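Here the structure is a predicted model, which is why all the values come from computation and not from measurement. Throughout, a chain's letter reflects where its sequence line sits, starting with A, and its residues are numbered from 1.
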Amino acid sequence: MPRYDAKRIETKWQTYWDQQETFKVGEFVEGKDKLYVLDMFPYPSGEGLHVGHPEGYTATDIVCRHARMQGKQVLHPMGWDAFGLPAEQHAIKTGTPPRITTQKNIDTFRRQLKMLGFSYDWSREFSTTDPDYFRWTQWIFLQLFDSWFDSEYEWIGPDGKQRVGRARPISELPIPEKVKAEGEDATRHYQNRHRLAYQHEAPVNWCPKLGTVLANEEIIDGKSERGGHPVERIPLRQWMLRITKYGDRLIDGLEGLDWSDSIKSLQKNWIGRSEGAEVDFYVGAGGSDADLEQGFTAWKSSRSETGFSEDPEADVLRIYTTRPDTLFGATYMVLAPEHPFVDRLTTIEQKQAVETYRKQATLKSDLDRTDLAKEKTGVFTGSFAINPVNGEKIPVWIADYVLISYGTGAIMAVPAHDLRDWEFAVEFDLSIIPVVEPPENYEPSKDEQALEAEIAGEKRTPFSGLGTAIHSGEFDGMKTADFKKEITARLVEQGLGKGAVNYRLRDWLFSRQHFWGEPFPIWHELDEDGKITGLMRPDPEESLPVELPEMKEYKSAGTPEPPLSSAPDEWLYKTGTDGKRLLREVNSMPQWAGSCWYYLRFADPKNSERFIDPENEKNWLPVDLYIGGGEHAVLHLLYARFWHQVLFDRGHVTCPEPFQKLVNQGMILGDVELTGFQQTDGTWVSAKDVTESDESETKWIEKASGKPVTIIRLESDQVQKQGEDFVLVDQPDISVNSRAYKMSKSRGNVINPDIVVEQYGADALRMYEMFMGPLEATKPWSMSGVDGVSRFLGRVWRLIIDEKQEEVALSDAVSDEAPDEDQLRILHKTIKAVSEDIEKLSFNTAISRMMEFTNAMGPLKTRSKEVLSDFVLLLSPFAPHIAEELWSVLGHAETLAYQPWPAYDEALLQESVVEIPVQVNGKLRSKVSVAADADQATMQQTAEQDETIAQHLEGKTIVKAIVIPGRLINFVVK
RNA sequence: GGCCGAGUGGCGGAAUGGCAGACGCACGGGACUUAAAAUCCCGGGUCCGUAAAGGGCGUGCGGGUUCGAGUCCCGCCUCGGCUACCA
């Protein structure tokens, strides 16, 4: 009895595709449409595939299979983002080398993906951990190392677009005469300071438990994203990539891309461009400078001659502000505790307090800084600065609400017009001078009201909006926007400041203290004492890759020193041809590195001469459709775009952006859970009366009493809907929670794709994931939903196959005769709908339309073979295994993968008679049948003759009749 | 606090400004069967009306535009995601 047997069919066809290399991409054919469809490649974790993976992968697979049938040449590759912490931690625990673990995990992932029948060109598979691949990751790093960003450079790229700013070879960096005069080493240091890849001593997030430094984005609420361990801040030599130079390019580049507005705005917000001004405040020698005022006058006049300097001198504090119009209201200054001038500006009297505060600030994790620092804290340095616009002497404070990593690490505080400065000024009783008059009828915002304080016996609030200048000398009466421009121009004229742009985006911290990452192709020159001199030598390109050394231990010593620093000496040291002792860079690259350019390599994965052949790059790039999880909407996409733009600037790629269309698949949640709450004595408590306790997400308390309650999982028959809420059947006054949660091990609601495939087959899993809802929506899993699509596949099977036969054979109902009009109509309707839905990535509705087709065909005594064949082709991108099997039973020897996609005939869609709804005053009253091509007069006439309508029209006057041919009739009557 | 997204039957969801609830799940009824599974058929927003016919009300809430609004505009509410002292 050959019932629909997913397992038999699926293994059969997977083997066939593998053996025939059905999906191997052939030579690129000039003039034939190309489509490059890419999935965000996975990190092959030890857990294996998650149901979230096949969601995006199925979507791209449908697009690809459809495109092949449309005659396009399709590039659809898969690979592995396999460097990363888990394999290393496993190595530390068990001693198994990360390479072994990684290989095992990759094998599992590959097996699982093949089991789902995706049409990847597996001959292009690679892992970021392959030396053949990371050789070129290192090569790209050398390109970054060899580049500086010329912000003024105007040029026209291969895309014909005019741009300002370009990465150029470091050899083209103009060296100031002064530097040149200091000798070759000075020149090299100068170049190092301008490279796109540079080193920087900076406070970093050191996690002792993980034994590594983490990037800001790897920290959540002051704890490590992985493991939730506490994080400290310590200074360390780090590699940085100058992504901030590309801030504007990364914003501008978004314009032509087919990405959702929400992702674009996410990226823009992350880059966080702001415009304002940098202004110098004179501080003189610092400390208790008695001649501050005098010095200021001299300084100011000299500045009007020399102009604003590129780097601030020691006698000024440089600040960044977006509100230069509020300069007259600057009543004090604040430095970040880490600011290099703090020591010099601290007076002897204040030394103790400043030291203590600074120490606290370094110990504080970011959590403390944000959470506990609701109360503003800070310490006076004892020094003063002079406000350049009015000569006022104002105190200089340090406070941790000013961040060293943003702007210049120092601010002018304008308490009257900045909420944070206001809070601080109120706390420490600093003077507040309003310099912006709010517009008439201005109501303070919620935030402003919340900060209301009594100052000199008067209730006052800060004002952070735009208005009109007051107490600003000659500028009084100017509108904020005009004043900003005017004052900036004045500052430039007097050499006191300049317009400036800042980004929330920071330079990219590019080194990690891991073993399992790409080594840097860099040697450090050592002095006689074996110390790093700051001068470096890149490995020559042809010597790449720099491979990882063999190690016995993967654990770092619990210090920020990376594990590679304990590599064997022959890996670590060498002597240059000039006799210089050299030490290898022992940091490794972050996991982001490998995923920054893999999409390029897929177009030419075996090339041993170049990272990608220029022809292949031109032929295949950019990626036409890129699908992946929203969690990468910012970082991965920003980093990859940044690298791509650098490669573009350096002439290595010809398209300015890598990913033309981007779609984020939504998250798949676990099955919906019903939960009730009970007190310790078993009394039910309404869900409305409980709340999550502050301490942990799993603890719940009764709102009124604060007593803990226990969570009780309920079955659906214990619960019913009442109004808006779900309540207990037995006690309808008790409401319960109904919600789907993110799948997690701890919650125990993870669905394993292996089990779904085992029970229902890959086609059913693919179909279900597409049928759940819109690709981009977050949707809860439901096992009975899989049952539903599985039944659908069974119905499709029985449309064509005679289940009663011993062998797989056509059903008697399948006929060779020419199809009748009804069958043709339903077929062509389905072709049209499915084709359009695939274009729109609206897979759930495409599947609905195919279900309608089977619902219509099922009851028929004879079914046209021709019609069924076309339908099987429509189904094939979604459920390729059953489609191939049915296609072969329908008498075709070859795979259907390259069969032409069915076309629909508009003429066959038309029904001769259509049913038209008739409304009276917008309310549906009846329906009438008219010829599909009936004109308005005929339609109206038919409608008026309808019995029900006639009744509704009786005794009324028709004011207007709206008649839309083929659609609807509406009588407006009085 | 900021930004983004979403609110439609018991559930997932569908609807170029034009018949709200396609399609599926769950549920109820029936057929087939010794029985079950599988399969097939029928039903269903809600209220009034006896089951019919028919009608009232219905897309988070309140207004508006329109012959006509789930869809467009204004003002709210709730939920979810991201982000969080960015000067």
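- Within 4.0 Å of A/Gly272, counting heavy atoms only, lies no atom of the nucleic acid at all.
- For the pair A/Ile847 CD1 and B/rC25 P, the interatomic distance rounds to 13 Å; values are reported in whole Å.
- Taking the six-membered ring where tryptophan is involved, the planes of A/His339 and A/Phe341 are perpendicular, since the angle between them exceeds 60° and thus also 30°.
- Across all strands, A/Glu631 comes closer than 4.0 Å to no nucleic acid atom at all (heavy-atom distances).
- Along RNA chain B, the nucleotide nearest A/Met772 and the nucleotide nearest A/Asn855 are compared for position; the residue whose nucleotide lies closer to the 5' end is A/Met772.
- With hydrogens and angles ignored, no donor-acceptor pair under 3.5 angstrom links the side chain of A/Arg798 to the base of B/rC40.
- As judged by a 4.0 angstrom heavy-atom cut-off over every strand, A/Ser274 is placed among residues touching the sugar-phosphate backbone only.
- In this structure, A/Asn269 reaches the sugar-phosphate backbone alone: every heavy-atom distance under 4.0 Å involves primed, P, OP1 or OP2 atoms, never a base.
- Residue pairs meeting the salt bridge (charged side-chain N to carboxylate O under 4.0 Å, His left out) criterion with at least one member in residues 770-788 of chain A, sequence neighbours excluded, are A/Glu55-A/Lys779, A/Asp787-A/Arg791.
- Of the two residues contacting RNA chain B, namely A/Asn921 and A/Arg504, the nearest-nucleotide position lying further toward the 5' end is that of A/Asn921.
- For B/rC19, its base sits under 3.5 Å from the side chain of A/Lys927 at one donor and acceptor pair at least.
- Results of the side chain to side chain contact (heavy atoms under 4.5 Å, CB included) test with A/Phe971 over A/Ile949, A/Val963, A/Val959 single out A/Ile949 as the only residue that passes.
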